[in-house]
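Report on the structure given below.
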There are 2 protein chains.
Amino acid sequence: MATAWDRQRAALREEITETARTLFVEKGFDATTVDEIAQAVGISRRSFFRYFGTKEDVVLGDLTGRADALARALAARPADEDPWTALRTAMLDSRSETFTDVRSDLAITRMMRDTPSLRARKFEKRQYWSEVLTPLVAERITEGDATVRAAAVVAAVLACVDIASDVWAESGGTADIVAVYDEAVAALRD
Amino acid sequence: MATAWDRQRAALREEITETARTLFVEKGFDATTVDEIAQAVGISRRSFFRYFGTKEDVVLGDLTGRADALARALAARPADEDPWTALRTAMLDSRSETFTDVRSDLAITRMMRDTPSLRARKFEKRQYWSEVLTPLVAERITEGDATVRAAAVVAAVLACVDIASDVWAESGGTADIVAVYDEAVAALRD
DNA sequence: TGCCTACTTGGCACCGAGTGACAGGTAGGC
DNA sequence: GCCTACCTGTCACTCGGTGCCAAGTAGGCA
């Protein structure tokens, strides 16, 4: 019966996230130390690292889980659908669970864009997205080198998502993120 | 007359690079400490950080300089050339100065691919590439939102270069890197 | 020749992220 | 009521990176 513990663990994890993000927005990401976060939450510094591998992970959240959700949504698409349509639809389908935190805080998205160490970690996790999505996309490539082409399509789509996210953050949340994404993709496909 | 000093400085910088890369290949990047590098070169740990801002920079080399070279080559292309052709040609033109280290060591490229902290730094520098190239590419975009479209094209092209580089490294240096790049780009433009 | 100045270097102390090891406490099973 | 996990805090340590200061060295100038 690990459920009780798991619940406790999830709750504490949530509390760390909430407290840390508040501090980050107040003082800036780099200026906030793990000690301060731990103290604010009321746990030891060591325990913080038992819940989050790095300070960056608190901001980035469950990116790998969202990659898996997107992968499931992509796999659920008809096999004869072209990669671009399939990826776009899959992202929209899994958006409710995928973009929760994007909606939750504009400041966080801006911070991810402006803080080098966060950007770096984000790209590191993006690597995982590519690894998960590329084989699924490869099944939808009918001509040429499927692996190379799939990798290119996935990388391009993720880049377009990034661009859309950046424009959205820069607009203060007013820009239509899907429209910007479509515009970015249009640039690639004439 | 700073030339004498500059020469000295450049020579030492080269020596640090050479020594460090040898150690990296021998022991692995993470397992090699800055102290070991400094001691092997015969300088203090503090001086090392006066020549390289981070340990990663020793491996990555002058990526920003290469970005500037590529930007110059791109600007030299005819104004009416489409972005894809212009970028491809510009990369080939600046390749001799751009890909010196790629040719120099397959092990280094592999290390960049397999070491998380190096990958992260590389993407960080890639950000600079985007910032430099996007405005130049935007001038070649005739329809739609030029900024967004230029950002998308640049990001896609850089992603394709990455893919080609990865395939090249994985093949042990036998793959035709330009052919892989063309294949990747073909995936985006049908 | 001798001084002055600018620049470099090394050493020291320090900070912050992240890790391993150990001891103590607490909840659940028997 | 004990035993067994598991979680937690504490301590010590490594390593990357930075600020500061004193010492040294090369070149310019009188």
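All values derive from a computational prediction rather than experimental measurement. Throughout, protein chains are lettered first and strands after them, A, B, ... in sequence-line order, and every chain is numbered starting at 1.
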Of all pairs that satisfy ring pair (Phe, Tyr, Trp, His ring centres under 6.0 Å), the ones with a partner from residues 130-153 of chain B, not counting sequence neighbours: none
Spacing of A:E36 atom CD relative to C:dG16 atom C1', expressed in whole Å: 11 Å
Residues forming a ring pair (Phe, Tyr, Trp, His ring centres under 6.0 Å) with B:F29, sequence neighbours excluded: B:F24
Contact state string [nucleotides 12-23 of chain D, B base, S sugar-phosphate only, - no protein heavy atom under 4.0 Å]: ---SBBBBB---
A:E18: salt bridge (charged side-chain N to carboxylate O under 4.0 Å, His left out) partners, not counting sequence neighbours: none
Pairs where residues 80-89 of chain B contributes a residue and the test side-chain hydrogen bond (donor to acceptor under 3.5 Å, both in side chains) is met, not counting sequence neighbours: B:R77-B:E81, B:D82-B:T85, B:R88-B:D182
B:I43 CD1 to C:dG10 P, straight-line distance once rounded to whole Å: 7 Å
Phosphate contact (C:dG10 OP1 or OP2) by B:S47 side-chain N/O below 4.0 Å: yes
Pairing of A:R110 and A:E170 as salt bridge, 4.0 angstrom limit: no
Residue pairs passing the salt bridge (Lys or Arg N to Asp or Glu O under 4.0 Å) test where at least one lies in residues 133-143 of chain A, sequence neighbours excluded: none
Sugar-phosphate, base or nothing in reach of B:Y51, heavy atoms under 4.0 Å: sugar-phosphate
Residue pairs, two or more places apart or on separate chains, that pass ring pair (Phe, Tyr, Trp, His ring centres under 6.0 Å) and touch residues 170-190 of chain B: none
Divergence of helical axes at both termini of the helix from C:dT1-D:dA30 to C:dC30-D:dG1 - five pairs an end, 10° steps: 10°
Residues that A:D162 engages under salt bridge (charged side-chain N to carboxylate O under 4.0 Å, His left out), provided they are two or more places apart: A:K122, A:R126
